[in-house]
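Report on the following structure.
FYI, side chains are in, hydrogens and waters are out, and symmetry mates aren't considered; it's all heavy atoms of this structure. Starting from 1, each residue takes its place in the sequence as its number.
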Amino acid sequence: MPLIHARCIRKDMEKTILTIENLSISFKMGKRTTNVVKNVDLVLKKGETLALVGESGSGKTVTAMSILKLLAESAIYPTGSIEFSGKNCLTISNDEIREIRGNKIGVIFQQPMTSLNPLHRIGKQLKESIFLHQRTITNRKADEKALFWLEKVGLKDPSNKLSSFPHQLSGGERQRVMIAMALINEPDILIADEPTTALDVTVQAQILDLIRDLQEEMGMAILFITHDLTIVRKIADRVAVMKDGQIVETDHPDKIFTSATHPYTRHLINSEPEGWPDPADEDDDTLIKVEHLKVWFPIQKGILRRITDHVKAVNNISFTIKKGHTLGIVGESGSGKSTTGFALLKLNNSKGKILLGENSLNDMDKTQIRQLRKRMQIIFQDPFGSLNPRMSVSQIIGEGLSIHHPGMTPKQEENEIIAVMEKVGLDPATRQRYPNEFSGGQHQRIAIARALILKPEFMVLDEPTSSLDRSVQSQVLDLLKKLQKEFHLTYIFISHDLKVVKSLCHDIVVMKDGVIVEAGNSNKIFSHPEHDYTKQLIATAFH
């Protein structure tokens, strides 16, 4: 099935396909009106990639979603216009905008798992978009087209993926499905909203290559929304930088990275993780010792649910961590790194030996483990999702105290909460507020405070900065380093971002398919990696 729009991009790049002029967007909540986008001007040309860059809350996604009128009903547009195909997208009828959505302009949303319907198979969701815009197409032709696009975006075994549910696919596979869904009607413009944020570096590189290849083949323009400047270097023809709802600078990537004129742009560039962790004493005692750790999940089949095989998520790995040190566990999705972290905290069943000091965790019952819980804590990947939205920040942070220190008076608990909030850079006066009233970086500080209040020795950090903007990420990393130095904390840092790992970790374990392929001192591994897989990860992350 050949593509309709096979043409050379660069020849058409002088032609304007989308014009945003003097756009302002506000949200009306009762009697209060909040202005979030202010007098934005943007031009998107045929075949080009325009990167819209800025931190959370800068107005990037709101600006992009306004093109297709995908904002909430509370959104109002005090000024401006969005011109596409000779029409103002803000004033045309609902029927006309529906004809454009997914047909002339496709969207890849930020969270593929929440953007795909968990109750419907992949094939049905792809065909739904086809039938919506190609009403005369037969069911058989729609099946063929859905299969063609899953092949086009590089999914392995695409015919089986058509009958799969979203939860049965990996993060990279779900993102490829979202790309197929956005491009299945061959649009003129693709809006890509943070399409690689939560992906491993190698999968991220594959997705970026795929988007570029499809752009070359189809001649479409791309509005690429991101907070990751590393991606901007690789994919953008032009860059527009947003801050507080305004465009503060627009230029070509080379000029942006070498001679940015706006202080905010320079701030974003300088927020890239760099350097090495603070030195740690090599003579420190060993706190964690892991020997022959296995985490196997049974595969059950048949009516009687007999175990026919196992998924060997972690298979016979061993390592040690010294007090006050940070061990980085790196690898792609499915490599077993998070499973390893959960096993160390006894959050899943495992075999082998796990020693916390002199305590053998796998030889303990639940009551004994519960007594050790305050010595080991975890910070999860999704800072907002890990906080109970119905509890105040004070209740969230102090919950562990009521469990592990039941004899404390309310006043003592409050003093502890105030002290730890100050320690992590949160204003104690906000402690009665709820999570939805805080930013992403503040969510992660709340999570750190919740773990720190119990004065643990050991913390598992499971991708704690992957969803944060670079400048906020830098602040959280600095905080983690400071707390480690002050309290002599021991960390396991699980991440796919090798730049962050390099700046924080003293030692590294590289995992692939449930086994350790390389381990050692961070400096040595980054300078002279030995395993081909490690070399691939480093090359992808730093080039």
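Taken from OG in Ser335 to CD1 in Ile329, the straight-line distance is 9.0 Å, to the nearest 0.5 Å. We find the CG-CG distance between Leu480 and Leu489 to be 9.0 Å, quoted to the nearest 0.5 Å. Going from atom OG of Ser26 over to atom CD1 of Ile76 covers 5.0 Å, rounded to the nearest 0.5 Å. Note that CD1 of Ile379 is 4.5 Å distant from CD1 of Ile448, once rounded to the nearest 0.5 Å. The CZ atom of Arg176 sits 11.5 Å away from the CD1 atom of Ile108 when rounded to the nearest 0.5 Å. Taken from OG1 in Thr320 to NZ in Lys289, the straight-line distance is 8.0 Å, to the nearest 0.5 Å.
Considering all non-hydrogen atoms of both residues, Leu479 and Val424 come closest at CD2-O, 3.7 Å. Thr326 and Leu504 get closest at one heavy-atom pair: CB-O, 3.6 Å. Contact detail for Phe257 and Ile269: the closest heavy-atom pair is CA-CD1, 4.0 Å. Considering all non-hydrogen atoms of both residues, Leu361 and Ile369 come closest at O-CD1, 3.7 Å. The heavy-atom pair separating Gly328 from Cys505 by the smallest distance is CA-SG, 3.5 Å. Among all heavy-atom pairs drawn from Ala343 and Asn348, the shortest one is CA-OD1, 3.1 Å.
Below 30°, between 30° and 60°, or above 60°: for Phe165 and His167 the angle between ring planes is below 30°, a parallel geometry. Ring orientation note: the planes of Phe380 and Phe342 are tilted relative to one another, at an angle of 30° to 60°.
Looking at Leu169 and Ile122, their side chains come closer than 4.5 Å, going by heavy atoms from C-beta outward. You'll find the side chain of Pro456 stays beyond 4.5 Å of the side chain of Phe487, heavy atoms only. Here the side chains of Phe458 and Leu372 are not in contact, with every heavy-atom distance at 4.5 Å or above. Looking at Leu287 and Glu457, their side chains come closer than 4.5 Å, going by heavy atoms from C-beta outward. For the pair Pro166 and Asn117, the minimum side-chain heavy-atom distance is 4.5 Å or more. Inter-residue side-chain proximity for Val393 and Met421 is flagged as met; some heavy-atom pair is nearer than 4.5 Å. For the pair His405/Leu454, a side-chain contact is recorded, criterion being any heavy-atom separation below 4.5 Å from C-beta on. Inter-residue side-chain proximity for Thr61 and Ile225 is flagged as met; some heavy-atom pair is nearer than 4.5 Å.
The backbone N or O of Gly54 sits less than 3.5 Å from a side-chain atom of Lys60, completing a donor-acceptor pair. Using a distance-only test at 3.5 Å, with no hydrogens or angles considered, a donor-acceptor pair links the side chain of His325 to the main chain of Asp281. Checking side-chain atoms of Arg266 against main-chain N and O of Ala260 turns up a donor-acceptor pair under 3.5 Å. No side-chain donor-acceptor contact under 3.5 Å links His443 to the backbone of Asn436. With hydrogens and angles ignored, the 3.5 Å screen pairs no side-chain donor or acceptor of Glu422 with any backbone N or O of Pro428. Not one N or O on the side chain of Thr226 forms a donor-acceptor pair closer than 3.5 Å with the backbone of Glu194. Not one N or O on the side chain of Arg174 forms a donor-acceptor pair closer than 3.5 Å with the backbone of Gln168. A donor-acceptor pair is defined here as one N or O able to donate and one able to accept, closer than 3.5 Å; no such pair exists between the side chain of Asn523 and the backbone of Ile525. Put simply, the side chain of Gln473 gets close to the backbone of Thr465: a donor and an acceptor are under 3.5 Å apart. With hydrogens and angles disregarded, no donor-acceptor distance shorter than 3.5 Å links the side chain of Glu518 to the backbone of Pro529.
Within 6.0 Å of atom CD in Glu73, 12 or fewer heavy atoms from other residues, nucleotides or ligands are found, so the atom counts as exposed in its surroundings. Within a 6.0 Å radius of CG in Asp478, other residues, nucleotides and ligands contribute more than 12 heavy atoms. Other residues, nucleotides and ligands contribute more than 12 heavy atoms inside 6.0 Å of the NZ atom of Lys499.
With hydrogens and angles left out, the side-chain atoms of Asn315 and Trp296 include a donor and acceptor closer than 3.5 Å. A donor-acceptor pair shorter than 3.5 Å cannot be found between the side chains of Arg450 and Gln377.
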Task: side chain to side chain contact (heavy atoms under 4.5 Å, CB included) between Gln475 and Arg445, worked out - done: CA-CA 10 Å; Gln475 295 166 15; Arg445 289 174 188 269; 3.5 Å; yes

Task: Stepwise salt bridge (charged side-chain N to carboxylate O under 4.0 Å, His left out) test for Lys243 and Glu249 - done: CA-CA 9 Å; Lys243 183 181 189 297; Glu249 188 164 2; over 6 Å; no

Open item on the list: Set out, in order, the CA-CA distance, both residues' side-chain angles and the distance that settles side chain to side chain contact (heavy atoms under 4.5 Å, CB included) for Ile492 and Ile494, then state yes or no.
Closed with: CA-CA 6 Å; Ile492 277 189; Ile494 299 166; 3.9 Å; yes

- [ ] Apply side chain to side chain contact (heavy atoms under 4.5 Å, CB included) to the pair Phe438 and Thr430, showing each step before the final yes or no.
- [x] CA-CA 9 Å; Phe438 294 84; Thr430 64; 3.6 Å; yes

- [ ] With side chain to side chain contact (heavy atoms under 4.5 Å, CB included) as the test, would you mind laying out the steps for Ile453 and Ile417 before giving the verdict?
- [x] CA-CA 7 Å; Ile453 200 167; Ile417 291 165; 3.9 Å; yes

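For the pairing with Asn362, the side chain to side chain donor-acceptor pair (under 3.5 Å) check across Lys353, Lys351, Lys346 returns one residue only, Lys346.
Salt-bridge check for Glu416 with Lys423: failed, with every basic side-chain N at 4.0 Å or more from each acidic carboxylate O.
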